[in-house]
There are 2 protein chains.
Amino acid sequence: MTSGISSDQAGARRAAVTLRDVAREAGVGLGTASRALAPGSQYVADDVRSRVLAVAERLSYRPNASARATTTGSTPTIAVLVSDIRDPYYAQLVHGAIGKARGDGQMVTITGTDHAVDDEVRVIRMLRSQRPRALVLTGPRTGSPASLLRELERYERDGGRVVVAGDDDLPFDTAVVPRQEGARLLVTTLRELGYRSIALIRPAADTADVRAWEAGIVQGARAAGVRVDVVRTPGVERSRDGGRAATAELLDDGRPDVDAVVAATDTMALGALSAVRDAGLEPGRDLGVAGFDDVVDADDVVPGLTSVDLSLEAIGGAAVDLALLAPAAERRRIEFDARVAVRGSTPPRG
Amino acid sequence: MTSGISSDQAGARRAAVTLRDVAREAGVGLGTASRALAPGSQYVADDVRSRVLAVAERLSYRPNASARATTTGSTPTIAVLVSDIRDPYYAQLVHGAIGKARGDGQMVTITGTDHAVDDEVRVIRMLRSQRPRALVLTGPRTGSPASLLRELERYERDGGRVVVAGDDDLPFDTAVVPRQEGARLLVTTLRELGYRSIALIRPAADTADVRAWEAGIVQGARAAGVRVDVVRTPGVERSRDGGRAATAELLDDGRPDVDAVVAATDTMALGALSAVRDAGLEPGRDLGVAGFDDVVDADDVVPGLTSVDLSLEAIGGAAVDLALLAPAAERRRIEFDARVAVRGSTPPRG
DNA sequence: CTGAAAGCGCTTACAG
DNA sequence: CTGAAAGCGCTTACAG
């Protein structure tokens, strides 16, 4: 680090080519230049338009998005709130959003939040300054949503759009992650593979996503005639270690003839794989293991982990679609299919 | 999808509380209100300031960042160009950047590019509209950088800052990924573990990052007295399958008494692990395998993959630091230490 | 179809 | 310390 100059200096910005420059150079008025450059506008003579376009190209003119936004009132950006972009779950959502946004001429902004309501409120207050066209909420959150809803309503009142990509528990347009359906499908599939009795490994925190997953499992099990034990280990975290601990406890208890362990997330399932090995068993052969989210690169683990693909990329894209819709009285939902990926960790049983 | 209304509608934005509202409500002029709200400004009476602040709070006022930007000339955002946010390499960089930016009151924008020069130029042209305070370039790129440099110079001329987070091959302030040092360290470490002869698995494309890695390996090997074979399989991609194919070829060739396979990326190393198994060998015990980037969750693989931690998060943060510095005549570089993580895939050798 | 003018919501010299 | 005014770079009715 060599510079002692204040990092607050913005630099000399005034140099950029401006619409006025283009208009002067093309010999037209400001308004005409503006219209010529606007893709939609009809009211420009063809020759004038092409002249303006040529000048703009030659000067390498780029419209000032901020100036446009202060006229327009909003920015062509969509703000996505995620807790951790390194988490493949969020990375997939964001990737889908970026791809779709790009086609629609929108930017994507990523803002970090720990998904506690208080923090989300703080972040949204900050974001309101930006006047993003839409806010995309993700992830399960902790805390009572009352203050969050107030803040979001204020944002909507100012013309912003609020969209959820995740669970179906907030009163906004939602691209629903098909957890419940996915969980149901997983049980059905396990049943077809010959599994009869499964144990659920879940984090202690009772968030909306885990509830949806568990509901789906229980529902599917009832329909398919599969027995379900829920392992409720106090304090278990949504992590590899959490999955390992809970599974270890299950196995210590002399597991009530369970033939598969089903975890709420792939990460926890990886912990379950280790715990099974720690107990001297061979995952897959001796005890089935399945995850959820299909976020782990299947082939990176041995055996490959059976999981549920939740179409997260498509959901990220759908959230952008919803964000660009005009607000409507009724709430809109988009839901994609879940797909079970059967791999080595749940071989056909008996 | 129920709405037939054009998605181009921006909604009624005019509702938002404005500085004028705050000033009127507080009974002061616009200028005074502006100054009272500006964190730095001294020239406001304390009682006036607190009155304005109270009104702003009560009205839930949030300054319009676009309006501020059209006065100021730039936006408090840092644009990061990445090819794929799902790639943990980029996810880590971006995560580091977000964390640092947040502390500095900057937003982070993610823009996708395939890292071909032509595409980067296109993306940067788009971004120039946004007037982001800085552009952070990442990743190795393909194509001749001439047109890219032209575009970036234009951006700098308008007052923007260009920063690189990656290889040290562009004439801008750079947060250097310590590939060469890391590669050198890896060989030294392998030597200490007892390895004498290694084969390098590399993608066919000769990008800056791979060159740096290879140079580091060769350099380290020379110093430590380790023999190096470079496996140059035409067309091999920087992927799991690429690593698998190249390793398979090496093993087919009756590998010249190599005792470890060292891949240019963790992903390729995972492919190498598979190829070793395919050949009926046990990775680790029969043949050492090492990767690079330490991007794979160590415990997800069996055996754990020896790799090099490149401090990517810190580098992402450092890029933001550089971005916020005033431009300077001399080019600045920040380099972090690399660290070798030894795991089960390279046990001590005889 | 086009130009001059007003306006978007701020910030920043400029006189008090 | 403070208010009125000019200006940032656009867009958009409003008269031609």
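Because the structure is predicted, anything quoted here is derived from the model rather than measured. Chain letters run A, B, ... following the sequence lines, proteins first, then strands; residues in each count from 1.
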* Structure fact -> For A:Arg24, the salt bridge (charged side-chain N to carboxylate O under 4.0 Å, His left out) test, sequence neighbours excluded, returns A:Asp21
* To do: Could you check if a side-chain atom of A:Val80 sits within less than 4.5 angstrom of a side-chain atom of A:Leu93, using non-hydrogen atoms only?
  => no
* Would you please name every residue forming a salt bridge (charged side-chain N to carboxylate O under 4.0 Å, His left out) with A:Asp84, sequence neighbours left out? => A:Arg86
* To do: Dot-bracket notation for DNA chain D is requested: 5' to 3', Watson-Crick or G-U wobble pairs only, both distances under 3.5 Å, with ( ), [ ], | and . as defined.
  => |||.||||||||.|||
* Asked: Atom CZ of B:Arg20 and atom C1' of D:dA4: how far apart are they, to the nearest Å?
  -> 12 Å
* Asked: Under the side-chain hydrogen bond (donor to acceptor under 3.5 Å, both in side chains) test, which residues partner A:Gln130, sequence neighbours left out?
  -> none
* To do: May I ask you to check whether over 12 heavy atoms, not counting those of B:Asp46, lie within 6.0 Å of atom CG?
  => no
* Rounding to a whole Å, what distance do you find between A:Arg131:CZ and C:dC10:C1'? -> 11 Å
* Structure fact -> Testing C:dG9, C:dC8, C:dT2 for proximity to the side chain of A:Val48, the answer is C:dT2
* **Whole angstrom value for the distance that separates P of C:dG9 from CZ of B:Arg24** => 12 Å
* **CZ/B:Arg125: more than 12 non-hydrogen atoms of other groups inside 6.0 Å** => yes
* Hey, are A:Asp114 and A:Ser83 close enough side-chain-wise for a donor-acceptor pair under 3.5 Å? -> no
* To do: Would you kindly give the CZ-to-P distance between B:Arg128 and D:dG9, to the nearest whole Å?
  => 15 Å
* Structure fact -> Those residues at least two apart in sequence (or on a different chain) that pass salt bridge (charged side-chain N to carboxylate O under 4.0 Å, His left out) with B:Glu25 are B:Arg58
* **Closest nucleotide among D:dG9, C:dT2, C:dC10 to the A:Thr18 side chain** => D:dG9
Atom pairs, protein N/O to nucleotides 11-13 of chain C N/O, distance under 3.5 Å:
unit_1, atom_1, unit_2, atom_2, d
C:dT11, OP1, B:Arg68, NE, 2.7
C:dT11, OP1, B:Arg68, NH2, 3.0
C:dT11, OP2, B:Ser34, OG, 2.6
C:dA13, N6, B:Arg35, NH1, 3.1

* Distance in angstrom units between A:Leu37 CG and D:dG9 C1', rounded -> 13 Å
* Side-chain donor-acceptor pair present, B:Arg131, B:Thr77, cut-off under 3.5 Å -> no
* **Atom-to-atom span, CD of B:Gln130 to P of D:dG9 - whole angstrom** => 16 Å
* Which nucleotide in the list C:dC8, D:dT2, C:dC1 gets nearest to the side chain of A:Thr70? -> C:dC8
